[in-house]
Amino acid sequence: MKKILLPVDGSERSLKAVEFIRKLYDPSEVEIALVTVKEDYESFIRTEFEPDKVTAESMPMLDEVAKHLDGYKIFDKKVLIGKFAGGEILDYANLNKVYAIVMTKSTKPGHQNIIGSVTANVVKKARCVVIITPEESEE
């Protein structure tokens, strides 16, 4: 069974990757890890004092995304905390020996035709397959 890493931030655009996985893979073919990255300074500093609280604040969003993957095996739901989202995603992928990372180009509104900095970093340095989901134009 192939391991798929799905980094999400809760935005509607990041959920496009969920739809893409459902179209591309049968539930019997893959198991999925859902991750979100907290890279803002406040979250990073708070983890020294309240790591469980920072994680607990993001877990409901991951639970909501998991509902959209009903029927698929979710092998992990994790909040990654660090200074660089791309690096955290890559470290997780390497540690868990994932087959592929599925991402959108960018989750920022109005940037559907531009590859964002996190996605570009992951594509450039990944040791596994990286799938960037196609997006419909918002024009």
### Query
Taking side chain as C-beta onward, heavy atoms only, is Val8 less than 4.5 Å from Met61?
yes
### Stepwise side chain to side chain contact (heavy atoms under 4.5 Å, CB included) test for Glu88 and Val35
CA-CA 10 Å; Glu88 293 300 322; Val35 300; over 6 Å; no
### Task
For the pair Tyr72 (side chain) and Tyr25 (backbone), establish whether a donor and an acceptor sit closer than 3.5 Å, ignoring hydrogens and angles.
yes
## Note on the structure
Separation between CG (Leu34) and NZ (Lys78), nearest 0.5 Å, reads 13.0 Å
### Message
Whether Glu64 and Lys67 form a salt bridge (side-chain N of Lys/Arg under 4.0 Å from carboxylate O of Asp/Glu) is what I want to check.
### Response
yes
### Query
Can Lys3 be said to sit on top of Phe75's aromatic six-ring, NZ or CZ under 6.0 Å from centre and within 45° of the ring axis?
yes
### Query
If every non-hydrogen atom of Gly10 is compared with every non-hydrogen atom of Ser14, which pair is closest and at what distance?
N-OG, 3.4 Å
#### Entry: Any side-chain heavy-atom pair of Pro7 and Val37 under 4.5 Å
no
### Query
Roughly how far, to the nearest 0.5 Å, is NZ of Lys124 from CD1 of Ile115?
11.0 Å
### Message
If I compare all heavy atoms of Ala85 with all of Val118, which pair ends up nearest, and what's the gap?
### Response
CB-CG2, 3.8 Å
### Query
Looking at Asn96, Asn94, Ile89, which hits side chain to side chain contact (heavy atoms under 4.5 Å, CB included) with Tyr92?
Asn96
### Message
So, taking the atom named NZ in Lys73 and the one named CD in Glu29, what distance separates them when rounded to the nearest 0.5 Å?
### Response
15.0 Å
### Test log, rule side chain to side chain contact (heavy atoms under 4.5 Å, CB included), inputs Ile74 and Leu69
CA-CA 8 Å; Ile74 308 295; Leu69 289 162; 3.9 Å; yes
#### Entry: Test item: Thr133 side-chain N/O and Ala17 main-chain N/O as donor-acceptor pair under 3.5 Å
no
### Task
Work out which heavy atom in Asn121 is nearest to a heavy atom in Gly86; give both atom names and the distance.
ND2-CA, 3.7 Å
### Query
Say you draw a straight line from CZ of Phe84 to CG of Leu90; how long is it, rounded to the nearest 0.5 Å?
13.0 Å
### Side-chain heavy-atom pair Met59, Lys77 within 4.5 angstrom cut-off
yes
### Query
Tell me, do Ile131 and Leu24 make a side-chain contact under 4.5 Å, heavy atoms counted?
yes
### Query
What are the two closest non-hydrogen atoms of Leu5 and Ala93, and how far apart are they?
CD2-CB, 3.9 Å
### Message
Is it the case that over 12 heavy atoms from other parts of the model lie below 6.0 angstrom from the CG atom of Asp70?
### Response
no
### Task
Look only at the side chain of Asp9 and the backbone of Ser11, and say whether a donor-acceptor pair between them is shorter than 3.5 Å.
yes
### Message
Quick one, Thr119 and Ile132 - any side-chain contact, counting heavy atoms below 4.5 Å?
### Response
yes
## Note on the structure
Of all heavy-atom pairs linking Gly71 and Pro27, the shortest is O-CB, 3.2 Å
### Distance, nearest 0.5 Å, that separates CD1 of Ile101 from CD1 of Ile4
10.0 Å
### Task
Identify the two heavy atoms, one from Met1 and one from Ser28, that lie closest to each other, and give their separation to 0.1 Å.
CE-O, 3.4 Å
